[in-house]
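A quick note: this is a predicted structure, and the numbers were derived from the prediction, not measured. Below, read A as the first sequence line, B as the second, and so on, with proteins coming before strands; counting in each chain starts at 1.
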Amino acid sequence: MIGQLTKTERQVALVILSALALVGLAMTAAGHNDPFGMQGAIVLLAAIAGLFCVISGLFDPEPAEDRLDRYYDDPSKVGILLAMVWVVFGLFVGDWVAWLLVNPDLTFDAGWSSFGRLRPVHTTGVIFGFGGNALIATSFYVVQRTSRARLPGQLGPMFVLFGYNLFCLLAVSGYMMGITQSKEYAEPEWYADIWLVIVWVTYFIIYLRTIARRKEPHIYVANWYYMAFILVVAMLHIVNNLAVPVSLGGAKSYSLFAGVQDAMTEWWYGHNAVAFFLTAGFLGMMYYYLPKRAGRPIFSYRTSIISFWGITFMYMWAGSHHLHYTALPQWVQSLGMTFSIMLLVPSWASAGNALLTLNGAWHKVRDDATLRFMMVAAVFYGLSTFEGSFMAIRPVNSLSHYTDWTVGHVHAGALGWVAMITFGSIYASVPWLWKREAMYSAKLVEVHFWLALAGTLIYVFAMWNSGIIQGLMWRTYNENGTLAYSFVDSLVAMHPYYIARAIGGLLFLIGAVVGCYNIWMTIRVAPQESEPAVDQPEPAPARAALQPGE
Amino acid sequence: MFGLHYRLERKAIGLVLAIIGVASIGGLVEIAPLFTIHQTVEDAPDMRVYTPLELAGRNIYIREGCYACHSQMIRTLRDEVERYGPYSLAVESKYDHPMLWGSKRTGPDLARIGGKYSDEWQVAHLHNPRDVVPESIMPAYGWLLRTVLRTSDLGANLEAMRVVGVPYTDEMIANAAADASGQAAPDTPAAAGVAERYGAATTVRAFDGRPNELTEMDALVAYLQILGRLTDAAYKPVALGE
C-alpha cells in the first residue's frame with residue numbers, strides 16, 4: 001500500500017502524521033483531567049500507527065511508472081474492508097441496544113455501556129462508519145471509471161480514508177466516555193467536527209480534480225449525486241455544528257443556537273443528512289453499479305435530470321416536518337410538509353428509473369443475488385420515500401411522531417435501501433477490484449440476501465405495529481372523556497414487538513458476518529492471470545505532462 | 001431545458017455552483033427568518049437562567065443520552081396537553097444551547113416533569129428505575145450517586161454560555177462553583193448566595209438526600225426539578241414579542 005505512494009508522497013505523509021501526533025500530544029496534555037485527554041491519546045496513537053505504517057514502507061522502491069496506466073484502487077479496497085468492519089460493529093451495538101429495550105439489565109453497571117451512550121455508537125457506526133466508508137470507497141471507484149481518468153495523486157485519497165476513520169473512531173469512543181453534543185446524527189464535539197471539515201475539503205478537491213481531468217465530455221449522473229453528497233454534507237455539517245467550546249483543553253461546547261432556531265437548524269441538518277448522505281450518495285452508487293451489473297443502460301436520462309435537481313432543491317425544505325405541532329412557527333411546518341409531499345415525485349422517478357433499467361435483465365435478477373440486492377434496494381427506496389412523504393403530513397405525523405413508527409421508517413430506508421444497495425455494490429466491486437472471476441461463493445451471497453431481507457421485514461413490521469399501537473394508545477379516551485391508558489400501559493404493550501425487532505436485527509447482523517467471510521475468502525483465492533484490458537484509464541497523451549507528484 | 005442541462009453537465013465548476021445555489025434556498029427561506037421575526041419566540045419577563053448546578057445536571061442529561069428516549073416538547077394536541085401539561089412554548093427553551101426537544105418517546109415527555117415527583121422518588125428511580133416502576137425499561141444510573149460532581153470548570157461553562165447569548169452576570173460566573181455546592185446544601189452561607197443571584201424561588205435542597213456531598217445525582221435531580229419551571233409563560237395567555 002505504501003509502495004504505491006511516490007517517495008515525495010511518503011515524505012509528505014510523514015510530515016502530516018507527525019503534525020497530527022503533535023496535535024494529539026497537545027490534546028492529551030491539555031485535557032489531562034477530562035475525557036478530552038483520552039481523545040487526544042487516540043489521535044496520538046492513530047498518528048503513531050500511521051507513522052509506523054509509512055516508515056515500514058519508506059525505503060521501498062519508487063512505484064513503477066506504468067501505475068499511471070491503471071486506476072488507483074487501493075483506497076477503494078481499504079474503504080470496502082473498513083466498511084465491512086464498521087457494519088458488523090455498528091449492527092452488533094444496534095442489536096445489543098435493541099435487546100436492552102427487551103431487558104434493560106443486559107449490560108454492565110458502568111456509564112459507557114448504558115443505552116443512552118451506546119445508541120449514538122450504533123447510529124454513527126452504521127451511518128458514518130459503514131455508509132461513509134462505502135461511499136468514499138465506491139465514489140473513488142466510480143469517478144475514475146466514469147471519467148476515464150486516474151485519481152490525482154495517491155496520498156490524498158488515503159488521507160481522506162485515514163482521516164475519516166479517525167473521525168468515526170473519535171466520535172464512537174467519545175460517546176462511550178460521555179462526550180456528545182446531543183444533536184442527533186451530529187453528536188461529535190467541536191474538535192472532531194473541525195477535523196472532519198479538513199478531511200472533507202480534501203475529499204472534495206480530489207473529487208473535483210478527478211472530474212476536471214476526465215476524458216469524457218459529459219459528467220456521468222452518478223458523479224452528480226456523489227458531488228451533491230460531498231458539497232451539501234459540508235454545508236450542513238458546518239452550519240449545524242457552529243458552537244463555542246468551553247476551553248481548548250476540554251471536549252464540551254455550547255451550540256451557537258438555542259431553542260427553536262436550534263431545533264430548526266438541527267432538523268434541517270438531520271433530514272438532509274438522510275437526503276444527501278443516505279440518499280444522494282447511495283443514488284450515485286445505484287446509478288453506476290445497477291446498470292453495470294444488469295448490463296443495461298439507464299432507462300431514462302431525462303428522468304435522472306429531473307430527479308436529481310428535484311432532490312437537491314426540495315429536500316432542503318423538508319426538515320421542518322420533524323417539528324409538526326411544536327413551538328416552531330406554523331408557516332415553517334407547512335412549508336416542510338408541502339415540500340415533503342412534492343419530494344415523492346423525484347424520489348419515485350429515481351426508484352422507477354432504477355427498476356425500469358432492469359427491463360430485459362429480470363432473469364439476471366432471478367439468478368444473481370448481487371443484482372437482486374440492488375433491485376430490492378430500489379424497491380425499498382420507493383417504499384420508504386412514499387412512507388416518508390406520508391408521515392410528513394401533519395395529521396399523520398400527530399400519530400406517528402415520537403413513536404416506533406419513525407424508527408421503523410428509518411430502518412426501512414437504512415436496512416432496505418442503504419445497506420442493500422451497498423452490499424450489492426460491494427459484491428459487484430470486490431471481484432473487479434481484486435481481479436477475481438467472481439465472489440468466493442454465490443451461495444453465501446444468496447444466504448446473505450435472504451437473511452438481510454428477512455431481518456429487514458421482521459424489523460419493519462414489528463416497528464409498524466408497535467409504533468401505531470403506541471400512538472393510538474397515547475390518544476385513546478375512555479367513555480368518561482379521560483385518557484384510557486397510562487404511559488406504562490403503552491410500554492408494556494411494546495414488549496413482544498421489541499423482541500421481534502431484536503431478532504430481525506440479529507438476522508441482519510448474521511447476514512453481514514456471512515458477507516465478511518465471503519469477501520475475505522474471495523480475496524484469499526489466487527487472482528486471475530490477466531486483468532481485463534478495458535478497465536484502464538484513457539492512455540492519455542497527457543501522460544508526459546503529468547507531474548510525478550500529481 | 002434539457003439542452004441547457006446538456007451544457008451544464010459538461011462543466012464541473014458550473015455543476016458545483018448550481019448544486020450549492022439550489023441547495024441553499026430552502027435553508028435560507030426557512031431558517032434565517034426565525035432569527036429576525038420577533039413573534040417566533042414569545043416574551044417572558046420572568047424567565048430565569050439555569051443555576052450552575054442545574055446546568056451541570058443538564059450536561060449530565062446530555063452526556064447520558066437521555067434525549068434519545070425522552071422528549072421535552074409537548075405538542076399542541078389535546079391528549080398531550082392532558083397527559084403532560086400545557087403545550088411547550090418557544091421561549092421556554094430560549095436558553096437551551098442546544099435544545100433537547102427530542103424526537104422519540106421510549107419514555108414519557110419530560111418538559112414539565114419539574115415538581116411532579118419528590119427528590120427521593122427521582123433518586124430512587126435513577127438509581128434503579130424498576131424499584132419504583134416495575135415495568136420500566138429505563139437504564140439504571142447507579143454511578144451518578146457514586147460520582148462527585150466536578151465544579152471547577154462551571155465558571156468557564158457559564159462564560160461560554162454567555163458568549164452564545166445567555167445573560168449570566170460576572171457575579172454568577174465568579175461564584176459558579178460555590179453556587180453549585182450551595183444549591184445542594186441548604187442552611188449554609190453558600191446557599192444564601194444562590195437565592196440572591198438566581199431569585200428567591202430557586203430550589204435549594206439536598207437533592208440526593210446527602211447535604212455534605214455534592215454528587216452528579218444532585219445535579220441531575222436539580223435539573224429535572226426545574227424542567228418546565230423557568231417561566232410561568234405557558235400557564236398564562238400568550239404574550240407575543242413585538
Side-chain angles (χ1 to χ4, degrees), chain A residues 101 104 109-111 114-117 119-120 178 180-184 208 211-212 217-219 224 227-228 231-232 235 244 246-247 250 254-256 258-265 268 302 305 309 312-313 316-317 320 322 325-327 329 332 335 398 402 406 474-475 483 487-488 491-492, chain B residues 2 5 9-10 12 15-16 19-20 22-23 25-27 30-31 34-35 40-41 59 62-68 71 73 75-77 79 82-83 88-90 93-101 103-106 108 133 135 137-143 153 156-157 160-161 163-165:
Chain A
L101 292 179
D109 178 27
S114 89
F115 181 93
R117 293 198 196 179
R119 188 246 183 199
T180 170
Q181 287 192 110
S182 84
K183 293 193 155 201
E184 282 184 80
L208 193 63
I211 289 182
H218 289 267
I219 301 169
W224 313 347
M227 194 55 114
L231 281 170
V232 183
M235 256 165 69
V244 174
V246 171
S247 83
Y254 287 99
S255 161
L256 194 58
V260 61
Q261 292 93 357
D262 188 46
M264 185 57 222
T265 311
W268 167 79
R302 293 186 169 189
I305 295 177
W309 291 105
T312 308
F313 177 63
M316 299 301 275
W317 296 72
S320 52
H322 289 254
Y325 301 97
T326 67
V332 195
L335 273 178
S398 77
Y402 293 137
T406 311
W474 291 346
R475 57 159 63 172
L483 291 167
F487 191 90
V488 168
L491 193 65
V492 172
Chain B
F2 291 110
H5 201 275
E9 67 186 49
R10 299 167 67 120
L15 196 61
V16 166
I19 291 172
I20 294 177
V22 164
I25 302 169
E30 289 188 348
I31 301 178
L34 298 180
F35 290 93
T40 302
V41 181
N59 289 342
I62 290 174
R63 182 188 78 191
E64 301 303 342
C66 306
Y67 59 86
S71 58
M73 173 49 62
R75 295 180 295 169
T76 54
L77 299 167
D79 58 289
E82 289 183 13
R83 190 180 294 279
S88 301
L89 301 182
S93 48
K94 86 165 169 178
Y95 295 144
D96 286 6
H97 295 265
M99 58 83 209
L100 295 172
W101 291 10
S103 60
K104 178 72 178 38
R105 285 181 187 152
T106 305
V133 183
E135 305 88 345
I137 56 169
M138 188 171 117
Y141 290 93
W143 60 92
D153 60 348
N157 275 265
M161 282 283 265
V163 174
V164 295

**Request:** Just jot down the salt bridge (Lys or Arg N to Asp or Glu O under 4.0 Å) partners of B:Glu64, sequence neighbours excluded, or say none.
**Result:** A:Arg117
**Fill in**
Residue from B:Gly142, B:Cys66, B:Ala160, B:Gly165 scoring the most non-hydrogen pairs under 4.5 Å with chain A is B:Ala160
**Prompt:** Side chain, backbone, both or neither: which part of A:Thr180 has a heavy atom under 4.5 Å from chain B?
**Reply:** both
**Item:** Segment of A:Gln181 engaging chain B (4.5 angstrom heavy-atom cut-off)
**Value:** backbone
**Item:** Which portion of A:Ile211 sits near chain B, non-hydrogen atoms under 4.5 angstrom
**Value:** side chain
**Message:** Check for me whether the distance between the ring centres of A:Phe487 and A:Trp474 falls short of 6.0 Å.
**Reply:** yes
**Complete:** One option among B:His97, B:Glu135, B:Arg63, B:Glu82 has the most heavy-atom pairs under 4.5 Å with chain A, and it is B:His97
**Asked** Which answer fits A:Val332, side chain, backbone, both or neither, if we ask what part of it has an atom under 4.5 Å from a heavy atom of chain B?
**Response** both
**Message:** Given heavy-atom pairs under 4.5 angstrom as the criterion, report whether the side chain, backbone, both or neither of A:Leu101 touches chain B.
**Reply:** both
**Item:** Selection from B:Leu100, B:Asn59, B:Ile20 maximising heavy-atom pairs under 4.5 Å formed with chain A
**Value:** B:Asn59
**Fill in**
Nearest heavy-atom approach of A:Val246 to A:Tyr254 is CG2-CE1, 3.6 Å
**Request:** Could you have a look at A:Trp317, A:Phe115, A:Trp224 and say which one has the most heavy-atom pairs with chain B under 4.5 angstrom?
**Result:** A:Trp317
**Prompt:** Which region of A:His322, side chain (C-beta onward) or backbone (N, CA, C, O), has a non-hydrogen atom less than 4.5 Å from a non-hydrogen atom of chain B, or is it both or neither?
**Reply:** neither
**Request:** Below 4.5 Å from any heavy atom of chain A, which atoms of B:Phe35 appear? Answer side chain, backbone, both or neither.
**Result:** both
**Fill in**
The interface call for A:Arg119 against chain B, heavy-atom contacts under 4.5 Å, is side chain
**Message:** Is it the case that the side chains of B:Trp101 and A:Thr326 hold a donor-acceptor pair, with the cut-off being a distance below 3.5 Å and no angle test?
**Reply:** no
**Asked** Top residue by heavy-atom pair count (under 4.5 Å) with chain A, among B:Val133, B:Leu15, B:Asp153?
**Response** B:Leu15
**Request:** Determine the option with the most heavy-atom pairs under 4.5 angstrom with chain A, choosing from B:His5, B:Met138, B:Met73, B:Lys94.
**Result:** B:His5
**Prompt:** Take atom CZ in B:Arg10; do more than 12 heavy atoms of anything else shown fall under 6.0 Å from it?
**Reply:** yes
**Asked** Side chain, backbone, both or neither: which part of A:Leu256 has a non-hydrogen atom closer than 4.5 Å to chain B?
**Response** both
**Asked** Checking heavy atoms, do the side chain of A:Leu335, its backbone, both or neither come under 4.5 Å from chain B?
**Response** both
**Prompt:** If you count heavy-atom pairs under 4.5 Å between each of B:Ala23, B:Ala140, B:Ser88, B:Ala12 and chain A, which one has the most?
**Reply:** B:Ala23
**Request:** Would you mind checking which part of A:Pro217 comes under 4.5 Å of any heavy atom in chain B, side chain (CB onward), backbone (N, CA, C, O), both or neither?
**Result:** both
**Request:** Please confirm whether the backbone N or O of B:Met99 pairs with a side-chain atom of A:Asp262, one donor and one acceptor, at under 3.5 Å?
**Result:** yes
